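Below, each value reflects all heavy atoms present in this structure, side chains not excepted, and no hydrogens, waters or symmetry copies. Residue numbering restarts at 1 for every chain, and letters A, B, ... go by the order of the sequence lines. Note that this is a predicted model, so its numbers are computed, not measured.
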Amino acid sequence: MTVSKFGRFLVSKEELCLTNVLQVGQSFRWIFDEKLNQYSSSLKVGNDEKYALVVLRQNSSNGEDFVEFGSVGGDCELGTLDSHLRNYFRLDVSVNDLYSTQWLPRDDRFKSHSPSGNRILAQEPWETLVSFICSSNNNISRITKMCHELCSKFGNKIGTLGDVDYYSFPSSDDIVERSSEEELRKLGFGYRAKYIIDTAKMMVEDKTANGYTSDTQYLMELGSKLTYEQLREHLMRYSGVGPKVADCVCLMGFKMDHVVPIDTHVSRIAKRDYNFQAAKNKIKDLSKKYTEYPITRKKINMELDLTRLMFVEKWGEYAGWAQGILFSNEVGNANGATSTGKIKKRELEVKPEVKEENTTVNSKTKRVKRQSY
DNA sequence: CCTGGACCTCGTTG
DNA sequence: ACAACGAGGTCCA
């Protein structure tokens, strides 16, 4: 099967860099073909719950940068795909405008961190939820492997490109009906196997009780009605979903642009570069506020939540995007997508040297890997 | 409310 | 070769 027709949108590499956006831990299912300089994945496009096999290429000619896109077999109209991808890549938002009007004036640290085409995606919420449940205490390479495994074992076959078969991301029903904790453990999911099965079961109950058959539609409806605090509370009811995973889902699955997921790296950045310390009285105020949110209160770490609030205050309404840029500069390279579905090391144009430095955290001395340019 | 530990797996590290 | 480590956390006591 091939792509018969391509569409394109013009976008500079400073606004969108596919390598940065698709291979660094937001999305885990894009496959990169080095020879063709082409990304491909199955993607739920349009409102009919159907997956399409989508192909992307980033190029430039005559000084114009653009992304070409198409669907294999043409099973998706080009106009539909165009508007879907404009939303998926959030082309309504200019990271460079945000950089110069919001982040740079508010935070000197951004002097040394330009966007470089890093941006936050608008992904399908159910896939985002399950993917980030897989991400706990894990590395990108294995998360990628697990996501592909979920699709090929429990999704539906969508099409073939080259010698690779593509599958839909399994719905909660697919997972409940076709999988089990035992099988997921055999496939290498470890203790996340139980989280995924329990979450899928709960999702089936939830959406059924609310009259939905589609995970996407149920969750999107929820997202349109609830505030951030309410949605996070709802998401943290699910097994394996703590504050970090819930925040990732809010940011990348629900377009809540101000949400800053706090992981070990961001927490370290806050202490090291922003001299952050949680004040006792602020902890008290916050825990009072969260009496309305029992699950949040149970699962949250007050210090980390105050870290999140500090960043939101500092960076403003697109704070989550700002975090993405600092994070990519802090962690930089990682493992990424492949051409065969197997995992191998991601190659970078320039390999930054990694050096060690000492940082003091909680009066303990800890060695930390950090990039230098 | 906070602290500490266990938890699957797997590539990297020494 | 092989034990020890840690990876963009979560759960339970």
Side-chain angles (χ1 to χ4, degrees), chain A residues 23-28 118 120 128-147 149 181-199 232 235-249 251-252 259-270 278-291 293-308 311 320 323-336 338 342-346 354 356 362 364 366-371:
Chain A
Q23 291 187 230
V24 294
Q26 279 195 68
S27 137
F28 301 96
N118 280 298
I120 300 296
T128 310
L129 178 61
V130 176
S131 301
F132 280 94
I133 288 174
C134 293
S135 79
S136 80
N137 200 22
N138 207 348
N139 57 64
I140 292 180
S141 147
R142 185 151 79 108
I143 302 164
T144 302
K145 199 197 277 179
M146 288 160 70
C147 290
E149 203 79 70
E181 180 184 343
E182 190 187 14
E183 190 175 5
L184 287 177
R185 275 194 176 260
K186 275 193 196 134
L187 289 172
F189 283 73
Y191 57 78
R192 301 163 198 84
K194 183 175 167 50
Y195 297 161
I196 291 170
I197 297 297
D198 288 350
T199 294
R232 185 175 56 158
L235 291 174
M236 284 198 286
R237 294 184 315 131
Y238 298 108
S239 174
V241 180
K244 158 63 168 60
V245 170
D247 280 349
C248 282
V249 178
L251 176 64
M252 301 167 209
V259 176
V260 181
I262 305 296
D263 55 54
T264 56
H265 297 292
V266 179
S267 172
R268 181 178 65 245
I269 291 172
K280 289 248 159 87
N281 59 331
K282 289 199 174 179
I283 290 177
K284 261 197 174 158
D285 292 348
L286 200 56
S287 82
K288 198 183 220 172
K289 180 184 159 192
Y290 286 148
T291 49
Y293 303 96
I295 299 168
T296 302
R297 198 175 187 191
K298 195 164 119 193
K299 289 198 177 186
I300 215 157
N301 173 316
M302 290 297 169
E303 183 186 356
L304 295 183
D305 205 51
L306 284 170
T307 308
R308 177 182 66 78
F311 279 128
Q323 177 269 359
I325 287 161
L326 279 202
F327 184 87
S328 109
N329 276 284
E330 176 79 10
V331 180
N333 59 334
N335 298 316
T338 68
K342 286 190 214 144
I343 309 309
K344 66 178 181 187
K345 247 192 173 164
R346 182 184 147 204
V354 175
E356 307 236 312
N362 283 344
K364 267 186 287 184
K366 211 175 168 183
R367 275 163 77 193
V368 176
K369 271 188 199 162
R370 172 165 191 283
Q371 289 191 21

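- Checking B:dG11, B:dC7, C:dC11 against the side-chain heavy atoms of A:Lys145 singles out B:dG11 as nearest.
- Among the heavy atoms of the strands lying under 4.0 Å from A:Thr264 are primed sugar atoms or P, OP1, OP2 only; no base atom is included.
- Distance, A:Tyr290 OH to B:dC2 C1': 17 Å, rounded to whole Å.
- Taking atom P in both B:dG5 and C:dG6, one finds a spacing of 15 Å when rounded to whole Å.
- If you take CZ on A:Arg308 and CD1 on A:Ile300, they are separated by 6.5 Å, rounding to the nearest 0.5 Å.
- Rounded to whole Å, atom C1' of B:dC1 lies 10 Å from atom CG of A:Asn301.
- The separation between A:Leu129 atom CG and C:dG9 atom C1' is 14 Å, rounded to whole Å.
- No hydrogens or angles were tested; on distance alone, nothing pairs the side chain of A:Tyr195 with the base of C:dG9 as donor and acceptor under 3.5 Å.
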Side chain to side chain contact (heavy atoms under 4.5 Å, CB included) evaluation trace for A:Met236 with A:Tyr293: CA-CA 10 Å; A:Met236 284 198 286; A:Tyr293 303 96; over 6 Å; no
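- Residue-level contact check: A:Gln323 touches the bases, meaning some heavy atom is under 4.0 Å from a base atom.
- Checking C:dG8 for Watson-Crick or G-U wobble geometry (two distances, each under 3.5 Å) identifies no partner in any strand.
- Residue A:Ser136 places none of its side-chain N or O atoms closer than 4.0 Å to OP1 or OP2 of C:dT10.
- Listed nucleotides B:dC7, C:dG8, C:dT10 differ in distance to A:Tyr191; the shortest reach to its side chain belongs to B:dC7.
- C:dA7 and B:dT3 are spaced 22 Å apart, taking the C1' atom of each and rounding to whole Å.
- To the nearest 0.5 Å, the span separating OG1 on A:Thr199 from CD1 on A:Ile133 amounts to 3.5 Å.
- With rounding to whole Å, A:Ile143 atom CD1 is found 7 Å from C:dG8 atom P.
- Side-chain N/O atoms of A:Arg142 and base N/O atoms of B:dC10 include no donor-acceptor pair closer than 3.5 Å.
- Exactly one of A:Glu183, A:Glu182, A:Glu181 qualifies for a salt bridge (Lys or Arg N to Asp or Glu O under 4.0 Å) with A:Arg185. That residue is A:Glu181.
- Closest to the A:Cys248 side chain, of the nucleotides C:dC11, B:dC2, C:dG8, is C:dG8.
- Following rounding to the nearest Å, A:Asn139 (CG) and C:dG6 (P) show an atom-to-atom distance of 14 Å.
- Contacts of A:Ile283 with the nucleic acid, taken as non-hydrogen atoms under 4.0 Å apart, involve only primed sugar atoms and P, OP1 or OP2.
- If you take CE of A:Met236 and C1' of C:dC11, they are 13 Å apart, rounded to a whole angstrom.
- Comparing the P positions of B:dC10 and C:dC11 gives a spacing of 22 Å, expressed to the nearest Å.
- The nucleotide whose nearest atom lies closest to any side-chain atom of A:Pro243 is, among C:dT10, B:dC2, C:dG8, C:dT10.
- On the P atoms, B:dG4 is 23 Å away from C:dG8, given to the nearest whole Å.
- Shortest non-hydrogen contact noted between A:Val260 and A:Asp247 is O-OD2, 4.0 Å.
- Residues A:Arg192 and A:Gly242 both approach DNA chain C. Their nearest nucleotides, taken by heavy-atom distance, put A:Arg192 toward the 5′ side.
- Among the atoms of the strands shown, only primed sugar atoms or phosphate atoms (P, OP1, OP2) are found under 4.0 Å from some heavy atom of A:Val245.
- Crowding of A:Lys299 atom NZ: a count of heavy atoms from other residues, nucleotides or ligands under 6.0 Å exceeding 12.
- Rounded to whole Å, the distance from CE on A:Met252 to C1' on C:dG8 is 9 Å.
- Straight-line distance from the NZ atom of A:Lys194 to the C1' atom of C:dC12: 13 Å, rounded to whole Å.
- Nearest nucleotide to the A:Lys299 side chain, out of C:dC11, B:dC8, B:dC1: C:dC11.
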